[in-house]
Amino acid sequence: HHLSENFYSSSCPSLFATVKPVLKSALSKEKRLGASLLRLFFHDCFVNGCDGSILLSDTANFTGEQHAVPNNGSARGFEVIDKIKDAVEKACPGVVSCADILAISARDSVVILGGPNWNVKLGRRDARTASKSKANKDIPPPTSSLSQLISKFAAKGLSTKDMVALSGGHTIGQARCTSFRAHIYNDTNIDASFAKKRRSNCPRQSGTGDVNLAPEDLQTPTTFDNNYYRNLVKSKGLLHSDQELFNGGSTDSLVRAYSRSPGTFSADFVAGMIKMGDISPLTGSKGEIRKKCSKIN
Ligand code: HEM
Ligand SMILES: [Ca+2]
Ligand SMILES: [Ca+2]
């Protein structure tokens with residue numbers, strides 16, 4: 001396969017200039033959407049590669065990935081992708097894939113929220129299929145141990161370092177009580193005052209307050225910075241899986257390094273994003289260029 005930065009430079013020269021303003025306007029209304037789009041890209045790439053599979057809606061005779069456990073009730077931002085796709089279709093009809101639009105949107109979201117910039121590789125085509133079962137199997141749950149996180153990323157060709165750096169995506173965005181309840185009530189590797197604060201809006205009883213939100217990064221939930229790691233070294237990770245990265249194991253030193261050096265984090269995050277974006281893309285004549293991101297042509 002061959003993805004390249006200039007894939008659309010003659011077929012759609014206005015691509016980047018078309019995407020960015022639509023995103024800027026959406027994020028000016030709700031910054032969290034930037035986080036939601038970054039997460040959509042991760043959840044796309046981990047299931048059959050970065051092929052836009054997560055964007056396909058369920059229909060009467062098609063079951064996609066949006067109701068798989070890791071996505072159901074938490075994957076969001078689809079309307080923004082649809083809006084960007086409409087703008088891109090006006091500028092360059094039938095040329096740019098939804099998989100690439102998602103990759104560009106994830107990058108632009110990070111930049112708009114203050115994070116590093118990089119050149120996105122392009123040329124992915126869109127899948128005509130999706131896999132709910134693989135979404136359930138390949139995307140790590142927040143209950144994961146460090147060794148489970150390492151192996152789920154290794155299964156996608158990503159190193160432990162990539163895993164720790166990409167987890168820094170949790171410097172932005174929100175999680176539901178149901179995703180962090182067990183950590184704040186049952187785990188002991190958590191700062192007591194932080195646990196108390198999070199318990200105040202996430203009742204112990206499952207079934208109550210399940211969808212109440214808390215910021216993944218208690219310091220700066222709408223800024224892309226290294227505070228995620230600074231929280232971890234203080235035992236203020238929100239998810240069980242977050243705190244696993246700094247819990248006396250092999251990744252402690254890397255978390256400490258990122259907590260001290262925003263530049264090192266940025267460089268490793270970018271390298272990880274480029275590697276994640278390379279996971280088994282459809283190229284050449286495989287797949288299709290969807291007209292609408294939510295359904296196959
Ligand atoms: C390392 C394994 C990971 C686990 C176990 C994990 C788990 C989760 C969970 C449980 C949530 C909250 C869902 C909810 O309750 O609504 C979440 C949110 C989020 N995740 Fe991850 N995640 C991981 C890695 C990543 C990676 C690699 C990225 C991107 C590079 C990422 C980006 C995000 C973002 C931005 C949000 C907030 C989304 C929003 O506010 O809409 N995560 N993650
Ligand atoms: Ca996919
Ligand atoms: Ca932050």
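In this chain, residues are counted from 1 in sequence order. First listed ligand is number 1; within each ligand, the first listed atom is number 1.
Selection from His170, Arg39, His43, Arg76 by nearest heavy atom to atom 21 (Fe) of ligand 1 gives His170.
Counting heavy atoms closer than 4.0 Å to ligand 1, residue Ala175 contributes atoms from both its backbone and its side chain. Counting heavy atoms under 4.0 Å from ligand 1, residue Ser179 touches it through the side chain alone. For Phe41, no heavy-atom contact with ligand 1 is shorter than 4.0 Å. Of the heavy atoms in Lys152, none comes closer than 4.0 Å to ligand 1. Residue Pro70 does not touch ligand 1, judged by heavy-atom distances below 4.0 Å.
The protein atom (non-hydrogen) at minimum distance from atom 14 (C) of ligand 1 is Arg176 NE, 3.3 Å. Nearest non-hydrogen protein atom to atom 30 (C) of ligand 1 is Leu166 O, 3.4 Å.
Heavy-atom proximity to Ser167, at under 4.0 Å, picks out these atoms of ligand 1: 1 (C). Residue Leu239 has at least one heavy-atom neighbour below 4.0 Å for each of these atoms of ligand 1: 7 (C), 8 (C), 9 (C), 10 (C).
Here Val47 contributes O and Asp44 contributes OD1, and at the Ca ion (ligand 2) these two atoms make an angle of 160°, given to 10°.
Asp217 has its closest N, O or S atom to the Ca ion (ligand 3) at the position named OD2.
For the Ca ion (ligand 3), the N/O/S atoms of Asn227 include none lying under 3.0 Å. Checking Thr220 against the Ca ion (ligand 3), an N/O/S atom falls under the 3.0 Å cut-off.
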Could you walk me through whether Phe41 and Phe46 pass the side-chain contact (heavy atoms from CB on, under 4.5 Å) check?
CA-CA 9 Å; Phe41 181 60; Phe46 262 56; over 6 Å; no

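Looking at ligand 1, you won't find any N or O of Ser144 less than 3.5 Å from one of its N or O atoms.
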